[in-house]
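What you see is a predicted model, and the numbers here were worked out from it, not measured in a lab. Here, residue 1 is the first one in the sequence, and each next residue gets the next number. Every heavy atom of this structure was used, including side-chain atoms; hydrogens, water molecules and symmetry mates were not.
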Amino acid sequence: MDRNFPQELLETIQKADRAGAQAVIDAWAVGRPFHRVIPELLSPTLETFGRLWASGKDGVSLAEGYVAAKIAEDVLSRVLLDASGDGARRPPSKGPVLVGNVEDDFHPLGRKMVAAFLRADGWEVHDLGVDVGSAQFVDRAEETGARVIGASAMMFTTAKNVAKLREEIERRGLGDRVQLAVGGAVFKPRPELVAAFGGDGTAASALEASALFARLARRASEARGEVPA
């Protein structure tokens with residue numbers, strides 16, 4: 001009987017069993033190219049876990065969310081090692097970006113997933129954590145030179161604070177010079193909220209976040225009169 005690897009991996013995450021998760025991943029990888037673990041096993045499993053987290057029905061704990069994020073980081077590190085042979089090479093730096101949960105939002109899993117994938121693809125990620133005020137976001141963007149802010153919000157009530165962040169960006173005269181990527185469970189069934197709250201774009205999953213950030217960073221560079229990288 002074929003093993004249900006996504007279900008096994010999900011169960012290890014729910015037990016906050018990082019070592020067990022690695023054992024499941026190792027078993028899945030037998031006879032398969034390891035780089036396929038992200039689209040074929042990790043990403044679908046984390047999406048399922050994220051839905052459970054968002055529903056609140058199964059009592060998903062912070063410990064489980066932390067382990068899910070660390071498992072993603074572990075897998076991404078192994079993919080990089082596999083791609084570079086001896087692990088000596090890293091992706092060239094794509095520049096600084098910010099990620100954080102908007103004010104009053106305390107759901108870190110999605111943000112941590114995005115941060116892990118961005119780092120793996122060469123971005124210099126400044127992770128501001130949860131419950132980040134609009135002024136703090138923009139202060140750090142000015143300090144670091146970040147061209148993109150990634151703002152995460154799970155619920156409609158907190159997603160409305162994305163609009164406050166847009167207002168702060170505009171108030172400081174940054175406009176298109178700092179692009180605003182938004183993400184979170186609320187934007188998937190209601191993509192119209194991205195523009196309604198002042199976002200410049202969103203990604204369907206953490207796996208697609210780097211491509212989104214690259215597009216937005218290019219747009220910000222053009223607004224600044226810079227030659228895009």
Side-chain angles (χ1 to χ4, degrees), residues 1-91 97 99-101 105-123 125-130 150 152-154 183-185 187-188 203-213:
M1 182 176 180
D2 292 338
R3 293 176 62 175
N4 187 338
F5 286 106
Q7 182 61 35
E8 289 185 30
L9 182 58
L10 178 63
E11 289 173 359
T12 61
I13 293 172
Q14 290 175 311
K15 295 174 183 176
D17 182 2
R18 188 173 174 183
Q22 292 305 321
V24 172
I25 291 167
D26 287 341
W28 177 92
V30 173
R32 296 183 175 96
F34 192 76
H35 69 271
R36 286 168 46 192
V37 71
I38 294 176
E40 295 184 14
L41 177 61
L42 181 64
S43 186
T45 303
L46 291 178
E47 286 183 8
T48 300
F49 180 75
R51 287 194 294 271
L52 293 174
W53 179 291
S55 72
K57 295 179 180 179
D58 293 304
V60 177
S61 70
L62 288 175
E64 293 168 32
Y66 172 82
V67 168
K70 297 309 293 183
I71 289 167
E73 291 176 5
D74 292 343
V75 170
L76 288 165
S77 295
R78 290 176 64 183
V79 169
L80 289 173
L81 286 171
D82 184 62
S84 64
D86 59 5
R89 296 198 305 270
R90 300 287 295 180
V97 292
V99 296
N101 289 74
D105 195 285
F106 296 89
H107 298 89
L109 178 61
R111 185 198 84 245
K112 286 180 176 290
M113 295 296 104
V114 167
F117 279 94
L118 290 174
R119 288 192 180 102
D121 204 34
W123 296 96
V125 179
H126 298 265
D127 189 343
L128 306 187
V130 298
S152 178
M154 178 171 285
F187 295 105
K188 290 189 176 182
S205 69
L207 193 62
E208 300 174 30
S210 185
L212 169 66
F213 274 59

Are any of the side-chain heavy atoms of [X] and [Y] separated by less than 4.5 Å?
{"X": "I71", "Y": "L42", "answer": "yes"}
{"X": "N101", "Y": "F106", "answer": "no"}
{"X": "D105", "Y": "V130", "answer": "no"}
{"X": "V125", "Y": "V114", "answer": "no"}

Hey, what do you get for [atom1] ([X]) to [atom2] ([Y]), rounding to the nearest 0.5 Å?
{"X": "L118", "Y": "R111", "atom1": "CG", "atom2": "CZ", "result": "12.0 Å"}
{"X": "F49", "Y": "Q14", "atom1": "CZ", "atom2": "CD", "result": "7.0 Å"}
{"X": "L41", "Y": "W28", "atom1": "CG", "atom2": "CH2", "result": "6.0 Å"}
{"X": "D127", "Y": "R119", "atom1": "CG", "atom2": "CZ", "result": "6.0 Å"}
{"X": "L10", "Y": "T48", "atom1": "CG", "atom2": "OG1", "result": "6.5 Å"}
{"X": "S152", "Y": "K112", "atom1": "OG", "atom2": "NZ", "result": "11.5 Å"}

Taking only residues two or more places apart in sequence or in another chain, which ones pass side chain to side chain donor-acceptor pair (under 3.5 Å) with [X]?
{"X": "H107", "value": "none"}
{"X": "K70", "value": "E73"}
{"X": "S210", "value": "D121, W123"}
{"X": "R32", "value": "none"}

Next on the checklist: E208: which residues meet the salt bridge (Lys or Arg N to Asp or Glu O under 4.0 Å) condition with it, sequence neighbours left out?
Outcome noted: none
Checklist entry - Which atom pair, heavy atoms only, marks the closest approach of A203 to L212? => result N-CD2, 3.7 Å
Checklist entry - Between A21 and L9, what is the shortest heavy-atom contact and its length? => result CB-CD1, 3.7 Å
Next on the checklist: Test: salt bridge (charged side-chain N to carboxylate O under 4.0 Å, His left out). Region: residues 10-24. Which pairs qualify, not counting sequence neighbours?
Outcome noted: R18-D74
Item to check | Derivation of the side chain to side chain contact (heavy atoms under 4.5 Å, CB included) call for F117 and I38 | outcome: CA-CA 10 Å; F117 279 94; I38 294 176; 3.6 Å; yes
